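All remarks here apply to the structure that follows.
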Amino acid sequence: MPFEPSSRTPRLPENDCRPRKPSVSRGDGFAGGCISLILLLIEIPVAILLWLSLSLRGWSPPEEHSGAPTMDWVPVLWLGGFTLSVLMVAMVFLLSAHPYAGTVQLLIAAIALIFTMAAWDQEYERAHPSPLPTCPTRAGTPCTASDSATDR
């Protein structure tokens, strides 16, 4: 304890021995859990709306195309955008010292990424069907459904 000659009583040092306030760099588990729950309650209706809008796209009458259908990128882009937004929220939480909320968001982003990759695979398989086997009666040509106009 420093002693000043003008004063007969010793003083406590300024900021050396006082208990410090909790650091802002450490996240509170309860606050992180509450934030994670609130965001989860927001993300569930967004995911349901995304699922509903993508499932209603299939109800339109089929358009006639010649050849293989083109790849439909809309489900992949919608799910990818949702995945990226959840991933950005997770990074914000992890950088702002809320590890529990960030971890929950990372798990949701991983699940959304799995759905995104499944949608891409489904669209890829639809746009690139496997080739037909060769027909044993016609050398080198693929088997197709017989048409009475061409079989004459």
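Model, not experiment: these values are computed from the prediction.
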Handout entry: Joint hydrophobic cluster, Leu54 plus Leu113, side-chain heavy atoms closer than 4.5 Å
Key = no

Problem - Joint hydrophobic cluster, Val46 plus Ile48, side-chain heavy atoms closer than 4.5 Å - result: yes

Practice task
Find out if a path of hydrophobic residues (ILVMFWY) with successive side-chain heavy-atom gaps under 4.5 Å connects Ile35 to Tyr100.
Solution key: no

Handout entry: From CG (Leu79) to CH2 (Trp120), nearest 0.5 Å
Key = 14.5 Å

Exercise for the section: Could you state whether Ile114 and Val89 fall into the same hydrophobic cluster, counting links through intermediate Ile, Leu, Val, Met, Phe, Trp or Tyr residues with side-chain heavy atoms under 4.5 angstrom apart? Expected result: no

Problem - Atom of Thr103, atom of Leu94 and distance for their closest heavy-atom approach - result: N-CD2, 4.3 Å

Handout entry: Beyond-backbone contact of Leu52 with Leu56, side-chain heavy atoms, under 4.5 angstrom
Key = yes

Handout entry: Interatomic spacing from CD1 in Ile108 to OG in Ser36 - rounded to 0.5 Å
Key = 6.0 Å

Problem - Nearest non-hydrogen partners of Gly102 and Ala90, listed with the distance - result: O-CB, 3.7 Å

Handout entry: Straight-line distance of Glu125 CD to Met71 CE, nearest 0.5 Å
Key = 10.0 Å

Practice task
Find the distance between CZ (Phe115) and CG (Leu50) and round it off to the nearest 0.5 Å.
Solution key: 10.5 Å

Problem - CG on Asp121 to CZ on Arg126, rounded to 0.5 Å - result: 12.5 Å

Exercise for the section: Consider only side-chain heavy atoms of I, L, V, M, F, W and Y, link residues closer than 4.5 Å, and tell whether Val86 and Val104 are in one cluster. Expected result: yes

Handout entry: CE on Met91 to CG on Leu84, rounded to 0.5 Å
Key = 11.5 Å

